[in-house]
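Only one structure is covered here, and it is reproduced in the block below.
Computed over heavy atoms, backbone and side chain alike; hydrogens, waters and symmetry mates excluded. From a predicted model like this one, the values you see are computed outputs, not experimental measurements. A, B, ... follow the sequence lines: proteins, then strands. Residue 1 opens every chain.
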There are 2 protein chains.
Amino acid sequence: MKNNKYQAIYQQLVMKIEKQDFVAGSKLPSEHDLMELFDTSRETVRKALNQLAQNGYIQKVRGKGSIVLARDKFDFPISGLVSFKELAEKMGRPWQTVVHELESVVDSSDLESKLGESELWKVVRSRRVDDESIILDKDYFIKSQVPYLDQDICKNSIYNYLESEQGLQIAFADKEVTVEEATDEDRQLLDLNGLTHVVVVKSIVHLDDASPFQYTESRHRLDKFRFVDFARRMK
Amino acid sequence: MKNNKYQAIYQQLVMKIEKQDFVAGSKLPSEHDLMELFDTSRETVRKALNQLAQNGYIQKVRGKGSIVLARDKFDFPISGLVSFKELAEKMGRPWQTVVHELESVVDSSDLESKLGESELWKVVRSRRVDDESIILDKDYFIKSQVPYLDQDICKNSIYNYLESEQGLQIAFADKEVTVEEATDEDRQLLDLNGLTHVVVVKSIVHLDDASPFQYTESRHRLDKFRFVDFARRMK
DNA sequence: AAGTGGTCTAGACCACGGT
DNA sequence: CCGTGGTCTAGACCACTTG
């Protein structure tokens with residue numbers, strides 16, 4: 001819990017919207033009202049509202065007010081840097097992680113240019129849902145940032161370990177989504193059922209001081225891939 | 001050109017970053033310096049900087065400064081609600097749009113629930129790049145918002161027509177990306193070369209008063225699909 | 001200690017929508 | 001006209017990094 005007024009206001013409003021205390025299509029109280037309600041200044045209220053708009057909860061309309069949007073919350077997915085554990089738990093389906101490789105490697109020159117360092121952890125895991133192996137995750141972590149890893153951590157959430165135990169702050173990622181022909185490894189570790197292609201999500205993940213620390217390749221079975229997004233028009 | 005100081009500052013900084021006047025990895029001038037440079041208040045500078053951070057140009061680090069990020073600018077894609085015309089022109093490749101259907105339809109009940117209206121325009125277009133048909137766009141527009149359409153407008157940019165001629169302001173969209181088996185229509189209108197699946201991007205587009213006005217289904221040939229994204233970690 | 005970004009305030013003026 | 005959100009200001013205090 002931070003001491004941020006505007007984040008507190010944001011969270012309270014999100015809660016009320018998700019509980020449907022504010023119905024989609026109706027309007028939020030005016031900035032002036034919220035200002036008195038939370039006993040704060042207008043700019044602080046506006047910071048919270050801008051965050052709501054950014055995340056697709058409301059649409060602000062000049063001269064009218066802030067309209068509550070109908071966001072399908074139930075499947076915020078791979079978007080926005082969620083870990084598989086968070087994602088799986090949000091889906092409420094039984095899931096399982098199988099660790100295939102966990103080893104220390106020294107570069108492959110392609111990765112060094114992306115991560116700026118050559119001593120890496122290589123982790124290969126597959127994700128099972130409903131007793132089928134549908135995602136293959138290949139992760140590379142910079143050893144100087146992640147000195148220790150073990151099977152147990154990999155079987156649970158590496159992100160959770162890094163953020164809560166190691167105090168690393170994951171900040172942002174560059175991502176690329178493409179479709180590629182399945183490799184032998186894909187056919188071995190995924191239940192492809194004869195499918196010839198896989199959806200590949202490649203990303204470079206950065207810490208909050210802007211240093212890259214992880215390269216990930218997430219290979220998804222076509223028919224199980226789904227990606228939901230909320231996009232605002234930039235001017 | 002609007003009268004916005006902070007957007008003007010944002011645009012000037014973007015320009016300098018893209019021209020590499022500010023090199024990736026180096027730091028922007030401090031907020032205090034920018035404040036004097038642009039003869040403005042600190043909060044105004046900060047609005048511009050927050051927009052830069054939001055769009056992946058910089059990473060702000062407390063106590064240090066704003067670090068310029070190495071964004072691959074060359075292929076900002078389907079992300080962020082770009083029209084095909086903008087996208088194609090940014091790629092600098094010769095492209096062509098073929099209009100297959102342009103007709104007035106009355107609902108199909110599935111769409112009415114999404115758009116809240118039953119009188120629609122249906123537009124089917126394919127997009128050719130390098131002499132191959134690789135994208136099939138199926139659009140439905142609400143007739144009360146879009147009273148007129150013709151072949152010519154569809155062959156160019158519908159968005160451009162709506163925004164500059166009709167004064168409609170596109171604001172945001174809900175999107176879903178999946179992979180589906182190719183339909184007969186796909187095989188007919190796309191050069192699939194035997195590929196069995198297509199990447200499907202479905203979206204509902206809203207105007208700036210939050211009213212939905214368009215449903216789009218964009219069907220892409222697997223091997224030509226690429227989606228680049230910049231994602232910030234939400235807390 | 002000096003410099004950086006992060007939060008917050010109280011007030012001002014503007015642009016837009018509805019009455 | 002009033003109420004709404006959009007922009008801007010000048011100043012304050014705090015938290016963090018660096019010398």
*Hey, does the side chain of B/Lys5 come within less than 4.0 Å of D/dT9's phosphate (OP1/OP2), counting only N and O?*
yes
*Quick check: are there more than 12 heavy atoms from other residues, nucleotides or ligands sitting under 6.0 Å from CG of B/Asp39?*
no
*asked:* I need the CG-C1' distance between B/Asn50 and C/dT7, as an integer number of Å.
replied: 12 Å
*Ignoring backbone atoms, establish whether B/Thr44 has a side-chain N or O less than 4.0 Å from OP1 or OP2 of D/dT9.*
yes
*Side chains of A/Glu18 and A/Tyr57, donor plus acceptor under 3.5 Å*: yes
*Taking only N and O in the side chain of A/Tyr6, is any of them less than 4.0 Å away from OP1 or OP2 of C/dT7?*
yes
*Between A/Lys64 and B/Arg42, who's closer to the 5' end of DNA chain C by nearest nucleotide?*
B/Arg42
*Is there a side-chain polar atom (N or O) of B/Ser30 under 4.0 Å from OP1 or OP2 of C/dT4?*
yes
*Using a cut-off of strictly less than 4.0 Å, decide whether B/Lys60 has a side-chain nitrogen or oxygen near OP1 or OP2 of C/dG6.*
yes
_Donor-acceptor check, side chain of B/Arg219 to backbone of B/Lys138, threshold 3.5 angstrom: yes or no?_
no
_Ring-plane angle category for A/Phe213 and A/Tyr159, please: parallel below 30°, perpendicular beyond 60°, tilted otherwise._
tilted
*Using only side-chain N and O atoms of B/Thr40, determine if any of them is under 4.0 Å from OP1 or OP2 of D/dC8.*
no
